[in-house]
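What follows is a short report on a single structure.
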2 protein chains.
Amino acid sequence: MSTHNKAEPTDRARPATIRDVAAAAGVATSTVSRALSNPGRVNHLTRARVVEAAEALDYVPSSQARGLSSGRTHAVALLVPDITNPFYFDIIRGTQHQLKAAGYTQLLVDTEESAEMELDALRSMQRAADGVILAASRLTDEQLNAAAAIQPLVTFNRASAEAPTVVIDTPSATIQAMEHLASLGHRTVCYVSGPQNSWSDSMRWKAFQEDSQQRGLQTHRIGPYAPKTTSGAAAADAALRTGSTACIVFNDLLAIGMLQRFAARGVQVPKDISIVGCDDIFGADFCHPPLTTIASPTEQAGRVAVTMLLSQLNPALAAGTRRVAVMPTHLRVRESTGSVPQV
Amino acid sequence: MSTHNKAEPTDRARPATIRDVAAAAGVATSTVSRALSNPGRVNHLTRARVVEAAEALDYVPSSQARGLSSGRTHAVALLVPDITNPFYFDIIRGTQHQLKAAGYTQLLVDTEESAEMELDALRSMQRAADGVILAASRLTDEQLNAAAAIQPLVTFNRASAEAPTVVIDTPSATIQAMEHLASLGHRTVCYVSGPQNSWSDSMRWKAFQEDSQQRGLQTHRIGPYAPKTTSGAAAADAALRTGSTACIVFNDLLAIGMLQRFAARGVQVPKDISIVGCDDIFGADFCHPPLTTIASPTEQAGRVAVTMLLSQLNPALAAGTRRVAVMPTHLRVRESTGSVPQV
DNA sequence: ACATTCTTGGCAAGCGTTTGCCAATTGTTG
DNA sequence: CAACAATTGGCAAACGCTTGCCAAGAATGT
């Protein structure tokens with residue numbers, strides 16, 4: 001109104017900028033900026049005028065420009081090894097929720113179980129995101145630490161020296177499962193392992209091994225298998241060949257695949273063999289038989305990861321933030337486990 | 001080397017900028033920019049020098065700055081009503097794949113089945129993304145058209161006057177299912193409906209209604225139900241009360257929930273009642289009994305949606321692009337459907 | 001030898017914000 | 001009433017990149 005615009009005021013194709021708002025409200029752009037993102041620095045009457053003008057013009061600040069000048073993108077990247085793995089659904093939802101609540105945008109990236117893609121994504125997120133949540137990383141410790149040195153990072157299900165991390169308490173879960181199986185009379189147990197470079201898998205195997213030794217159980221290990229239902233057939237056959245009466249399986253996906261194979265071969269679960277999965281994914285309760293599995297609050301884990309990351313970004317919130325969050329687990333007994341078969 | 005930097009050259013905390021690269025390569029920033037994103041405009045020798053310098057400095061262009069000046073963000077937003085609905089997994093994966101191949105970033109947003117959140121997201125994406133893929137929109141035609149007028153948009157499973165759209169061919173799928181049921185002798189069929197403002201639901205219901213009339217079948221309709229397994233119990237009970245011998249259910253989630261309820265109540269599927277789901281989601285093959293359902297190439301649908309959007313963004317690719325893509329469907333008969341019960 | 005056209009690189013003006021700094025205005029104090 | 005502090009708004013310089021424009025030099029034609 002009082003200032004000099006150069007272009008015609010009503011060019012209704014291009015979204016309104018801060019300048020348009022400033023002109024409409026009769027103030028400087030700096031005032032608009034402050035009114036909108038730093039209230040208190042501006043007289044509340046002026047602020048009201050600005051807000052009104054912004055609304056009238058349907059003004060949406062450009063996150064790009066904001067990011068450029070402020071140095072922060074208000075975006076957080078979530079890297080998962082496989083978007084279609086139901087295990088990550090709850091994580092995705094958990095992070096999404098918490099992120100949105102904090103005014104952040106989520107950048108979802110599927111790294112396809114590949115360390116290389118992970119590195120790539122990390123690289124490009126260096127500028128595109130304020131921080132990264134790295135789920136089930138396939139990276140080496142070295143790579144991980146290097147990444148953590150460059151940008152704010154939180155790992156999930158992957159402990160690292162440098163980065164804060166949230167882990168599902170797999171070892172104690174495995175022990176719970178062993179306890180359960182032992183109490184059912186099983187003496188020969190098989191561990192069906194997942195991806196080779198999975199940290200979770202190695203943790204789980206370690207716990208399995210130690211615990212079975214303590215209990216004096218005979219053990220087998222088969223794998224590695226890709227964590228998909230389609231790998232279940234091979235795993236089922238191999239498990240049978242070991243002569244084990246029970247299996248602890250890397251995750252539910254694989255376990256469900258095994259269940260399907262057993263059904264096809266006429267092997268009865270749990271009469272002939274008991275199966276324990278891990279993750280309690282969608283479907284574990286309605287597969288056949290319903291799967292005994294290790295459950296944990298995954299969605300909450302996602303939220304915690306975000307909280308840890310955000311506190312890294314904003315030191316003001318950083319008070320008493322842990323570097324490691326351990327999510328509790330518990331065994332959810334359904335119908336895929338039963339007494340040891342009578343020989 | 002030849003230019004005048006003000007700061008110390010080795011400030012290894014801040015990522016390298018185009019200026020650093022320019023200095024290292026002994027050229028102007030504009031040349032670096034062109035060498036990197038507009039090859040051919042630059043002598044290939046110069047270009048080689050630039051690329052080398054960029055690599056040496058581990059230079060990653062700022063997508064923010066790039067976006068600010070070029071006006072495009074190279075990001076595409078995908079809005080889904082419920083991230084945890086397995087139906088969307090394949091879509092997410094499909095779009096992610098295609099987007100990545102085209103050098104775009106995916107912004108995933110869960111709108112929680114709410115039109116309001118959808119509008120909000122749309123608004124903020126106006127600046128933050130080059131375009132939006134809107135899955136199963138809950139918006140009114142009016143709102144949808146308004147949105148499409150403002151920014152590039154592709155809808156999924158929601159036809160709209162303005163925006164290009166990719167739809168799963170639900171009507172013909174429903175007819176296939178009716179055919180299947182009729183051939184099994186069913187004369188009284190129930191449609192179990194999904195969310196009230198779901199376009200898919202209304203299309204499906206319409207086809208159901210018309211087809212059953214043609215066949216002279218007696219019909220019922222129950223619902224609406226939230227498309228989750230947890231709504232299955234109520235739906236199962238209600239379906240039973242209608243006296244129908246078969247149900248066509250809005251989606252697999254709901255159908256699986258019904259299956260669980262039937263099992264709990266001792267109602268046998270398909271002996272007592274037949275169930276047809278829709279979507280062929282993860283789990284439909286291993287629930288009990290395995291679900292007869294309507295399958296379609298969802299992941300491909302996601303890819304198609306991206307292609308349509310990208311051709312909108314880049315008119316160069318826009319040759320012969322359809323405004324509507326219809327994805328074929330087919331009935332996948334498993335074990336949840338069978339002959340009509342003998343009375 | 002000169003005029004003309006390409007090719008290539010540099011200059012500098014943005015893109016839409018934020019923010020440090022200053023100036024004007026108002027309020028408070030001795 | 002002078003002196004000072006606090007509040008508030010504006011100016012202008014970044015932020016890192018793209019791109020229109022121009023000029024220098026090379027290549028071509030006459």
Side-chain angles (χ1 to χ4, degrees), chain A residues 2-7 11 13-50 53-54 57-74 124 126-128 130, chain B residues 1-7 11 14-50 53-54 57-74 124 126-128 130:
Chain A
S2 54
T3 39
H4 45 292
N5 325 25
K6 43 193 167 185
D11 184 16
R14 178 188 48 83
T17 77
I18 203 174
R19 258 188 288 277
D20 301 329
V21 177
V27 297
T29 63
S30 51
T31 306
V32 175
S33 173
R34 285 193 274 253
L36 261 26
S37 52
N38 188 359
R41 180 60 176 68
V42 133
N43 185 302
H44 81 284
L45 236 86
T46 313
R47 181 176 141 74
R49 246 195 6 256
V50 168
L57 293 173
D58 201 24
Y59 167 70
V60 180
S62 150
S63 46
Q64 309 241 69
R66 201 198 286 267
L68 225 210
S69 67
S70 69
R72 16 191 52 216
T73 63
H74 272 258
S124 73
Q126 200 172 319
R127 294 302 265 288
D130 289 345
Chain B
M1 253 165 210
S2 55
T3 41
H4 44 291
N5 324 21
K6 43 193 165 183
D11 182 16
R14 180 188 49 81
T17 76
I18 202 175
R19 257 188 289 276
D20 301 329
V21 177
V27 298
T29 63
S30 51
T31 305
V32 175
S33 172
R34 284 194 273 254
L36 261 27
S37 52
N38 188 0
R41 180 61 176 67
V42 134
N43 186 303
H44 80 283
L45 237 86
T46 315
R47 182 175 139 73
R49 250 201 356 262
V50 169
L57 293 173
D58 201 25
Y59 167 70
V60 180
S62 150
S63 47
Q64 309 240 70
R66 200 198 285 266
L68 225 209
S69 66
S70 70
R72 17 191 51 215
T73 62
H74 272 260
S124 73
Q126 200 172 322
R127 292 305 262 289
D130 289 346

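Bear in mind the structure is a predicted one, so any value in this text is a computation, not a measurement. In what follows, chains are A, B, ... by sequence order, proteins preceding strands, each numbered from 1.
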Across all chains, not counting sequence neighbours, the side chain to side chain contact (heavy atoms under 4.5 Å, CB included) partners of B:Arg127 are A:Pro15, A:Val60, A:Ser62

Taken to the nearest whole Å, CZ/A:Arg47 to C1'/D:dG10 is 19 Å

To the nearest 0.5 Å, atom OG1 of B:Thr46 lies from atom NE2 of B:His44 at 9.0 Å

Nearest heavy-atom approach of A:Ala24 to A:Ala53 is CB-CB, 4.0 Å

To the nearest angstrom, the CG-C1' distance between B:Asn38 and D:dG20 comes to 13 Å

Contacts of B:Thr31 meeting side-chain hydrogen bond (donor to acceptor under 3.5 Å, both in side chains) (sequence neighbours excluded), chain-then-number -> none

Nearest heavy-atom approach of B:Arg49 to B:Gly26 is NH2-O, 4.2 Å

Between CZ of B:Arg19 and C1' of C:dG10 the distance, given in whole Å, is 14 Å

Taken to the nearest whole Å, CG/B:Leu57 to P/D:dG16 is 14 Å

| field | side-chain N/O A:Thr31 vs D:dG10 OP1/OP2, d < 4.0 Å | value | yes

Taken in chain and number order and not counting sequence neighbours, the residues that satisfy side-chain hydrogen bond (donor to acceptor under 3.5 Å, both in side chains) with A:Asn43 are none

Output field dot_bracket for DNA chain D (Watson-Crick or G-U, both distances under 3.5 Å, | for other-strand pairs) contains ||||||||||||||||||||||||||||||

In short, salt bridge (charged side-chain N to carboxylate O under 4.0 Å, His left out) pairs touching residues 28-48 of chain A with sequence neighbours left out are none

Across all chains, not counting sequence neighbours, the side chain to side chain contact (heavy atoms under 4.5 Å, CB included) partners of A:Ser63 are B:Ala128

Sorted by chain and number, sequence neighbours left out, side chain to side chain contact (heavy atoms under 4.5 Å, CB included) with A:Ile18 holds for A:Thr29, A:Val32, A:Ser33, A:Tyr59

| field | Side-chain donor/acceptor of B:Ser30 to base of C:dC11, under 3.5 Å | value | yes

note: A:Leu36, atom CG; C:dT18, atom P; distance rounded to Å ~ 8 Å

Kindly give the atom pairs (protein nitrogen or oxygen, nucleotide nitrogen or oxygen) under 3.5 Å for nucleotides 6-8 of chain C.
none

With the side chain defined as heavy atoms from C-beta on, A:Arg34 is closest, among C:dG10, D:dG9, C:dG16, to D:dG9

Heavy atoms under 4.0 Å, any strand shown: does A:Thr17 hit a base, just sugar-phosphate, or nothing?
-> sugar-phosphate

So, with a heavy-atom separation below 4.0 Å from DNA chain D, the residues of residues 58-73 of chain A are A:Leu68, A:Ser69

When rounded to the nearest 0.5 Å, the distance separating CD of B:Gln64 from OG1 of B:Thr73 is 10.5 Å

Contacts of B:Ser69 meeting side chain to side chain contact (heavy atoms under 4.5 Å, CB included) (sequence neighbours excluded), chain-then-number -> none

Atom pairs, N/O to N/O, protein against nucleotides 23-27 of chain C, distance under 3.5 Å?
none

Rounded to whole Å, the NE2-P distance (A:His74 to C:dT17) equals 14 Å

Between the CG atom in A:Asp20 and the CG atom in A:Leu57, the distance rounded to the nearest 0.5 Å is 6.5 Å

